[in-house]
Q: 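Next up is a structure, given as structure tokens.
Along the sequence shown, residues carry numbers from 1. Side chains included, hydrogens not; waters and symmetry mates left out as well; all remaining heavy atoms used.
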Amino acid sequence: MKEHHCVSIVPLFNHLTEEEQNQIESLILHRHFRKGETVWQPGEDPLLIIVAKGSMKVYMLSGSGREQLLRLLTPGSYEGVNALLGARAQSIYIDTLEETDACLLRKTDFNALLLKTPSLALKLLEMNAQRMADTENQTRFLMMEKVETRLASYLTALSNENEKDTVEIPMKMKDLSAYLGTTPETLSRKLHLLEEKNIIRREGKKIGIMDREKLREMAEE
């Protein structure tokens with residue numbers, strides 16, 4: 001299999017010098033995963049998992065077995081830092097959403113890199129702070145009583161992030177429904193409702209925002 005240079009695409013590493021990147025690349029394990037394959041689950045050794053090509057989902061399971069999506073990993077995204085730094089293991093699972101190439105870094109190698117590369121440790125703090133903010137945003141979604149409020153808030157944030165009035169949902173609808181704490185059927189109904197009110201125009205996963213002000217008002221209800 002042709003190796004993929006994850007170090008050059010992940011923001012955690014691409015600010016480093018070429019020599020430092022080459023040192024990290026020499027420690028990387030390259031893996032190919034099939035669609036739907038479990039990459040990591042509770043009880044396994046801590047790993048830094050970097051997506052080179054494809055995508056993964058990070059999720060938790062409730063006591064009843066219900067899946068709660070935490071985040072999606074796309075090329076350049078990574079997962080596993082908290083466990084590598086000694087945080088208590090979370091009951092998270094990581095599965096692929098399609099054929100995926102990934103780079104894996106063991107705990108001992110990662111910790112040695114942090115000691116040798118202070119700029120990497122600072123970048124890690126910066127990126128983890130952003131991830132915490134993203135997690136807080138999702139928690140805020142789930143605290144909203146109405147599904148349409150969660151959906152409007154999500155679409156508004158997605159539009160603001162991309163600075164466009166036409167955005168593409170970066171996940172399957174069933175995953176978006178899990179992310180917003182609802183069912184695919186309810187999500188479909190709420191999207192249709194927004195279309196009927198001429199607030200959005202939908203073509204598959206592409207969403208055109210027709211009335212930004214009304215969408216913002218719904219997000220604040």
Q: Under 3.5 Å, is there a donor on one side chain and an acceptor on the other for Asn160 and Arg216?
A: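 No, no side-chain donor-acceptor contact under 3.5 Å.
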Q: Are the side chains of Arg212 and Ser159 in contact, using a 4.5 Å heavy-atom criterion?
A: yes
Q: Not counting sequence neighbours, which residues clear salt bridge (charged side-chain N to carboxylate O under 4.0 Å, His left out) with Glu44? List them please.
A: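 Expected list: none.
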Q: Mark yes or no for whether Trp40, through its side chain, and Asp45, through its backbone, hold a donor-acceptor pair below 3.5 Å.
A: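 Judged by distance alone, yes, a pair lies under 3.5 Å.
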Q: Side chain of Arg150, backbone of Gly181: donor and acceptor closer than 3.5 Å?
A: yes
Q: Closest heavy-atom contact between Cys103 and His30?
A: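 Smallest interatomic distance, heavy atoms only, reads SG-ND1, 3.9 Å.
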Q: Check whether any side-chain heavy atom of Leu70 sits under 4.5 Å from a side-chain heavy atom of Met60, and report yes or no.
A: yes
Q: Applying side chain to side chain contact (heavy atoms under 4.5 Å, CB included) to Leu48 and Ile50, what does each step give before you reach the verdict?
A: CA-CA 7 Å; Leu48 180 68; Ile50 304 169; 4.1 Å; yes
Q: Salt bridge (charged side-chain N to carboxylate O under 4.0 Å, His left out) with Glu67: which residues, sequence neighbours excluded?
A: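 For Glu67 the salt bridge (charged side-chain N to carboxylate O under 4.0 Å, His left out) partners, ignoring immediate neighbours, are Lys57.
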Q: Can you check whether Glu18's main-chain N or O pairs, donor with acceptor, with Asn22's side chain at less than 3.5 Å?
A: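 Yes, Asn22 side chain to Glu18 backbone: donor-acceptor pair under 3.5 Å.
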Q: Hey, is the main chain of Ser55 close enough, under 3.5 Å, to the side chain of Thr100 for a donor-acceptor pair?
A: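 Yes; judged by distance alone, with no hydrogens or angles, the pair exists.
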Q: Taking ring-ring contact (aromatic ring centres under 6.0 Å, His included) as the cut-off, I'd like each qualifying pair that reaches into residues 43-68, sequence neighbours left out, listed once.
A: Tyr59-Tyr93
Q: Any salt bridge (Lys or Arg N to Asp or Glu O under 4.0 Å) pairs touching residues 197-210, not counting sequence neighbours?
A: none
Q: Between Glu99 (side chain only) and Gly54 (backbone N and O only), is there a donor and an acceptor less than 3.5 Å apart?
A: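 Side chain of Glu99 to backbone of Gly54, a donor-acceptor pair under 3.5 Å: no, none is there.
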Q: Any pair with a residue in residues 197-221 that passes ring-ring contact (aromatic ring centres under 6.0 Å, His included), sequence neighbours left out, goes on the list, sorted by first then second residue, please.
A: none
Q: Go through it in stages, so that I can follow the logic: the residues are Thr96 and Glu37, the test is side-chain hydrogen bond (donor to acceptor under 3.5 Å, both in side chains), and I'd like the CA-CA distance, side-chain angles, deciding distance and then a yes or no.
A: CA-CA 6 Å; Thr96 60; Glu37 190 172 350; 5.8 Å; no
Q: Going by heavy atoms in the side chains, are Leu105 and Leu113 under 4.5 Å from each other?
A: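 When only atoms from C-beta onward are counted, Leu113 and Leu105 do touch, with a gap below 4.5 Å.
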Q: Would one find more than 12 heavy atoms of other residues, nucleotides or ligands at under 6.0 Å from atom CZ of Arg106?
A: no
Q: Using a strict cut-off of less than 4.0 Å between a Lys/Arg side-chain nitrogen and an Asp/Glu carboxylate oxygen, indicate whether Glu79 and Arg71 qualify as a salt bridge.
A: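 Salt bridge flag = yes for Arg71 with Glu79.
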Q: Test Leu155 against Leu194 for side chain to side chain contact (heavy atoms under 4.5 Å, CB included), laying out the working first.
A: CA-CA 11 Å; Leu155 292 176; Leu194 293 180; 4.1 Å; yes
Q: Name every donor-acceptor pair, under 3.5 Å, that has one atom in a side chain of residues 182-192 and the other anywhere in the protein, sequence neighbours excluded.
A:
unit_1: Thr183; atom_1: OG1; unit_2: Thr186; atom_2: N; d: 3.1
unit_1: Thr183; atom_1: OG1; unit_2: Thr186; atom_2: OG1; d: 2.9
unit_1: Thr186; atom_1: OG1; unit_2: Arg189; atom_2: NH2; d: 3.2
unit_1: Lys190; atom_1: NZ; unit_2: Glu148; atom_2: OE1; d: 3.1
unit_1: His192; atom_1: NE2; unit_2: Glu196; atom_2: OE2; d: 3.2

